[in-house]
2 protein chains.
Amino acid sequence: MMKPTIYDIAKKAGVSAATVSNVINERGRVGDKTRKKVLAIMDELQYRPNTAASVLKGKAAFTIGFFVPDMLNPVYMEYVKHAEERAQERGFSIMMCSTENDPVKERLQADVLRQKNVDGFIITSKFQNEELLREIEREQYPSVCIAHERPDFQFDSVSGNDWEAGIMAADYLFSLGHTNIAMIAEKDSVSSYGRIEGFKERFRKKEMKQPLIRYAEASIDQAKAMALNLLKQDDRPTAVFGGNDVLAVGIMQAARTLGLSIPEDISVIGLDDTFLCQIVSPQLTAIAMPVKKISYRAVDLLIEQIEKGGTLKSTDLFPPVVIERDSARKL
Amino acid sequence: MMKPTIYDIAKKAGVSAATVSNVINERGRVGDKTRKKVLAIMDELQYRPNTAASVLKGKAAFTIGFFVPDMLNPVYMEYVKHAEERAQERGFSIMMCSTENDPVKERLQADVLRQKNVDGFIITSKFQNEELLREIEREQYPSVCIAHERPDFQFDSVSGNDWEAGIMAADYLFSLGHTNIAMIAEKDSVSSYGRIEGFKERFRKKEMKQPLIRYAEASIDQAKAMALNLLKQDDRPTAVFGGNDVLAVGIMQAARTLGLSIPEDISVIGLDDTFLCQIVSPQLTAIAMPVKKISYRAVDLLIEQIEKGGTLKSTDLFPPVVIERDSARKL
DNA sequence: CTGAAAGCGCTAACAT
DNA sequence: ATGTTAGCGCTTTCAG
């Protein structure tokens with residue numbers, strides 16, 4: 001017994017397929033008893049419209065392509081999680097797609113998803129493939145960038161305010177009396193750049209000597225290695241700012257292997273406020289990015305684009321907030 | 001300028017659509033120069049076949065529906081991650097879908113995904129909705145269960161050997177000289193049940209008094225609360241086994257708030273070996289489930305079902321292995 | 001080796 | 001208020 005089609009319903013209800021379609025889509029005028037009858041039969045036969053057919057007719061697929069660069073940093077999983085949650089509420093599904101920051105994969109998967117008629121893209125990090133980005137822009141393919149502004153492109157973007165987060169990190173540490181402060185920042189990342197600039201800005205304003213900044217990939221081990229190096233110096237900083245939580249965890253581990261205790265010997269703070277912060281010990285004080293809000297807004301924006309057609313070119317910036325826990329102390 | 005269709009290619013190449021279809025699908029006999037010409041034009045016009053159309057014709061959608069129960073336990077994210085990785089290698093995409101262990105959501109989303117013509121399901125935990133499961137079984141909808149055997153259903157399943165993992169946990173702790181051991185186990189979970197039974201089995205075999213077992217949801221806070229209670233007893237255990245890593249982290253936090261140091265005052269071990277183990281301090285000794293292998297195998301099995309049609313009814317069980325780190329010590 | 005034609009399930013004018 | 005019809009882009013016999 002095959003899955004019932006709209007014709008099976010129509011036949012059984014003694015009406016035409018068009019009428020069934022009309023009741024499904026609540027379009028056109030349909031008599032009240034006709035509607036009820038059709039509805040009853042759909043229910044009885046457990047009818048489910050075939051999305052492929054309506055997509056072929058030009059309707060939406062109610063599916064969003066979601067790109068993540070790498071799963072090493074849990075913040076991306078948190079973005080996916082919340083986006084899926086919101087998408088479900090809005091009647092959309094998420095096709096998840098990890099690109100490993102590889103321009104070839106980006107191109108491949110973007111093509112695959114477009115073949116599959118996903119209605120739009122959410123991009124959680126810088127695509128390496130600028131050509132692809134230009135193409136998406138040109139075709140006005142509905143897309144929004146998360147945590148990753150691209151002033152050079154006509155994309156909607158929604159992020160936490162990285163620059164402000166950098167500032168808050170500096171100010172918070174200053175307020176604790178620290179002056180000899182270092183930062184370990186993520187390499188090659190747009191958001192990282194904002195965070196660094198905000199951070200440095202504050203030192204400049206106070207006419208203090210610029211903080212030491214080291215760069216690492218967003219991996220615990222790399223951060224640990226950089227931090228080890230940093231903390232072995234003669235004039236060891238009293239506080240280290242991790243440009244994201246993963247980096248901060250690496251810093252904590254470095255401190256521990258050097259026998260430095262946190263926060264007594266050294267303060268460390270993170271940025272993002274992923275669940276990592278609550279798992280490490282001591283729990284990590286961090287500048288929190290409103291990840292959930294960002295995801296929700298990105299999904300809503302994208303759906304608006306899909307419904308209205310075309311890009312809105314809005315740039316939403318959410319303010320960060322500091323979450324005090326136990327990894328930083330007053331000097 | 002619209003996206004080119006197969007007809008555009010056909011016209012420009014001076015052949016029929018059927019021929020173009022043949023070269024795309026490498027079917028039928030096509031002359032060598034015809035093929036080359038068609039290929040060249042496809043490339044030039046950046047032609048991408050529209051999946052909706054071929055799905056409508058009855059071909060595969062190259063898409064897998066992946067159900068996760070909740071994102072609180074990172075092990076599910078690790079399953080998704082690896083499944084997506086493997087799916088991509090095999091030319092499939094993943095539609096991720098979280099069900100929050102809610103039977104209504106399960107039903108809703110399963111219906112949605114079937115409408116969207118996903119080729120099969122991967123289910124990472126017990127569906128609450130048995131009726132749905134029976135339906136999937138009856139329709140022979142390609143499906144495989146991960147980490148979640150259902151002997152009562154005709155589903156393929158691939159898991160780590162939970163029973164053996166429980167045994168290994170007990171044996172490992174015995175080998176360290178512990179005898180007063182407790183376990184905090186996850187409530188209402190099929191895998192948890194196996195883990196518990198294996199664990200108890202070993203005590204029975206040794207004719208020791210049965211271990212204390214407490215139940216909690218897979219959340220750090222709940223585990224912590226249970227552990228707090230457990231560790232305040234007069235006859236405090238010298239080792240606690242967390243039925244999964246999240247639970248183990250909760251136990252560690254409880255120990256810490258009681259001023260007990262790990263592993264000096266108390267040993268704790270986890271199960272799954274998610275990245276949590278490497279983040280906490282001390283790093284967590286754990287029984288490792290081969291999550292990556294499981295995901296890969298599940299994807300491969302599912303694709304085999306999709307290609308061959310119908311279920312295979314195989315039950316793959318991967319052996320766990322203990323990963324020693326720093327959270328347990330010899331008594 | 002290649003083409004003509006029918007049809008997958010649904011939608012949207014346009015008729016009635 | 002409902003039905004007729006054409007067609008979305010592709011695949012697949014079946015002829016030639």
Side-chain angles (χ1 to χ4, degrees), chain A residues 1-39 41-42 45-63 111-119 307, chain B residues 1-39 41-42 45-63 111-119 307:
Chain A
M1 195 185 73
M2 285 292 293
K3 260 184 63 178
T5 74
I6 206 169
Y7 284 102
D8 299 318
I9 307 298
K11 178 139 56 133
K12 191 146 187 189
V15 298
S16 79
T19 300
V20 177
S21 176
N22 280 342
V23 353
I24 293 171
N25 299 290
E26 302 178 336
R27 243 179 357 83
R29 244 129 299 280
V30 180
D32 214 52
K33 41 190 65 163
T34 313
R35 178 192 358 276
K36 287 216 175 92
K37 181 161 189 187
V38 168
L39 253 12
I41 294 183
M42 287 187 357
L45 300 192
Q46 300 221 59
Y47 169 72
R48 311 276 168 213
N50 182 332
T51 307
S54 63
V55 166
L56 193 52
K57 260 315 238 183
K59 304 203 78 179
F62 295 99
T63 302
D111 284 345
V112 166
L113 294 198
R114 277 184 297 182
Q115 286 186 43
K116 291 185 178 171
N117 301 284
V118 311
D119 305 304
E307 285 169 350
Chain B
M1 195 184 74
M2 285 293 294
K3 259 184 63 178
T5 75
I6 207 170
Y7 283 102
D8 299 319
I9 307 299
K11 177 137 58 124
K12 190 145 187 188
V15 297
S16 78
T19 299
V20 177
S21 175
N22 281 342
V23 351
I24 293 170
N25 299 292
E26 301 179 337
R27 241 181 359 80
R29 246 127 297 281
V30 180
D32 214 51
K33 41 191 64 164
T34 313
R35 178 191 358 275
K36 289 218 172 93
K37 181 160 189 188
V38 168
L39 253 11
I41 293 182
M42 288 187 356
L45 300 192
Q46 300 223 59
Y47 171 72
R48 311 278 167 211
N50 181 333
T51 306
S54 64
V55 165
L56 192 53
K57 264 314 238 185
K59 305 202 76 177
F62 296 100
T63 302
D111 284 347
V112 166
L113 293 198
R114 278 185 296 183
Q115 287 185 42
K116 292 185 179 172
N117 302 284
V118 309
D119 305 304
E307 285 169 350

Taking only residues two or more places apart in sequence, or in another chain, which ones meet Arg35(B) in a salt bridge (charged side-chain N to carboxylate O under 4.0 Å, His left out)? Asp32(B)

With a 4.0 Å heavy-atom cut-off, tell me which residues in residues 47-57 of chain A come close to DNA chain C, sorted by residue number. Tyr47(A), Pro49(A), Asn50(A), Ala53(A), Ser54(A), Lys57(A)

Hey, where on DNA chain C does chain B first and last touch, going 5' to 3'? Cut-off is any atom under 4.0 Å from a heavy atom. dC1(C) to dG9(C)

Is Ile24(A) close to Ile6(A) at the side-chain level, that is, under 4.5 Å between some pair of heavy atoms? yes

Rounded distance [0.5 Å steps], OG1 in Thr63(A) versus CG in Leu113(B): 8.5 Å

Go through the structure and list residues passing side-chain contact (heavy atoms from CB on, under 4.5 Å) with Lys57(A), not counting sequence neighbours. none

So where does chain A start and stop touching DNA chain D, 5' to 3', when the test is distance under 4.0 Å to a non-hydrogen atom? dA1(D) to dG9(D)

Please list, chain by chain and in numerical order, all residues satisfying side-chain contact (heavy atoms from CB on, under 4.5 Å) with Leu56(A), sequence neighbours excluded. Asn50(B), Ala53(B), Leu56(B)

Considering residues at least two apart in sequence or located in another chain, which fulfil the salt bridge (charged side-chain N to carboxylate O under 4.0 Å, His left out) criterion with Lys37(A)? none

Indicate yes or no: at least one non-hydrogen side-chain atom of Leu39(A) is less than 4.5 angstrom from one of Lys36(A). no

Taking only heavy atoms on the protein side, list every residue of residues 12-25 of chain A lying under 4.0 Å from any atom of DNA chain C, sorted numerically. Ala18(A), Ser21(A), Asn25(A)

For Glu307(A), enumerate each residue passing the side-chain contact (heavy atoms from CB on, under 4.5 Å) test, keeping only those at least two apart in sequence or located in another chain. Arg90(A), Ile303(A)

When we call it a touch if two heavy atoms are under 4.0 Å apart, what does Gly31(B) touch: a base, just sugar-phosphate, or nothing? sugar-phosphate

Rounded to the nearest 0.5 angstrom, the OG1-CG distance for Thr5(A) and Asp8(A) is 4.0 Å

Which atom of Ala10(A) lies closest to which atom of Ser16(A), heavy atoms considered: CB-C, 3.6 Å

Using the salt bridge (charged side-chain N to carboxylate O under 4.0 Å, His left out) criterion, which residues pair with Arg27(A)? Sequence neighbours excluded. none

Are any of the side-chain nitrogens in Asp111(B) or Arg114(B) under 4.0 Å away from the carboxylate oxygens of its partner? yes

Considering residues at least two apart in sequence or located in another chain, which fulfil the ring-ring contact (aromatic ring centres under 6.0 Å, His included) criterion with Phe62(A)? Phe92(A)

Please round to 10 degrees the angle between the axis of the first five pairs and the axis of the last five pairs in the helix from dC1(C)-dG16(D) to dT16(C)-dA1(D). 40°

To the nearest 0.5 Å, atom NZ of Lys116(B) lies from atom CG of Asn117(A) at 12.0 Å

pair Gln115(A)-Pro49(B): side-chain heavy atoms closer than 4.5 Å: yes

